[in-house]
**Student:** 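Before we start, here is the structure in question, set down as structure tokens.
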Amino acid sequence: MAKAKRKPVNVTPITLGGEEMFLKYNLYAMSKLQEKGVNLSEFGGREVTFSEITKVLWAGLLTYDPSITEDEVAMCIDIGDLQYCSEKITEAIQRDSEVKK
């Protein structure tokens, strides 16, 4: 029996390549970033590389699409989309870091 795809809960929707996807920065995403050598706390005050942007988006998409690859993510992003992607990443990280009561 195939495992059902997760339903988007407490996520940030993002449209990449004309497809709606969902960002979620939970422990799974953060550990995947750590494995890739990306530390989000170091992003303030320095230029972020295209590779880092791709990895951050990829990790955020994994919870709801574990089969997506970094290359697939990179192919969906045009240079003109970088500001939009940056805003969505910030929105998702803020949402996921809020203290739950």
**Student:** Donor-acceptor pairs under 3.5 angstrom involving side-chain atoms of residues 75-86: please list them, not counting sequence neighbours.
**Tutor:**
residue	atom	partner	partner atom	Å
Asp81	OD2	Asp78	N	3.0
Gln83	NE2	Glu87	OE2	3.0
Tyr84	OH	Thr15	N	2.9

**Student:** Indicate every side-chain donor-acceptor pair of residues 30-40 with a distance under 3.5 Å to a residue at least two apart or in another chain.
**Tutor:**
residue	atom	partner	partner atom	Å
Ser31	OG	Leu27	O	3.2
Ser31	OG	Tyr28	O	2.8
Lys36	NZ	Glu70	OE2	2.6
Asn39	OD1	Ser41	N	3.0
Asn39	OD1	Ser41	OG	2.7
Asn39	ND2	Ser41	OG	3.4

**Student:** Hey, could you give me the NZ/OG1 distance between Lys55 and Thr49, rounded to the nearest 0.5 Å?
**Tutor:** 7.0 Å
**Student:** Search all heavy atoms of Tyr25 against all heavy atoms of Ile89 and return the closest pair with its distance.
**Tutor:** OH-CG1, 3.8 Å
**Student:** If we only count heavy atoms from C-beta on, is the Leu23 to Val11 side-chain gap below 4.5 Å?
**Tutor:** no
**Student:** Minimum heavy-atom separation for Ala59 and Ala29, please, with both atom names.
**Tutor:** O-CB, 3.2 Å
**Student:** Restricting to side-chain contact (heavy atoms from CB on, under 4.5 Å), what partner residues turn up for Ser67, sequence neighbours left out?
**Tutor:** Asp65
**Student:** Could you grab the distance from atom CD of Glu19 to atom CD of Glu72, nearest 0.5 Å is fine?
**Tutor:** 9.5 Å
**Student:** Measuring from Ile68:CD1 to Met21:CE, what's the distance to the nearest 0.5 Å?
**Tutor:** 4.5 Å
**Student:** Is the closest side-chain heavy-atom distance between Val56 and Val48 below 4.5 Å?
**Tutor:** no
**Student:** Measuring from atom OG1 of Thr12 to atom CZ of Arg95, what distance do you get when rounded to the nearest 0.5 angstrom?
**Tutor:** 4.0 Å
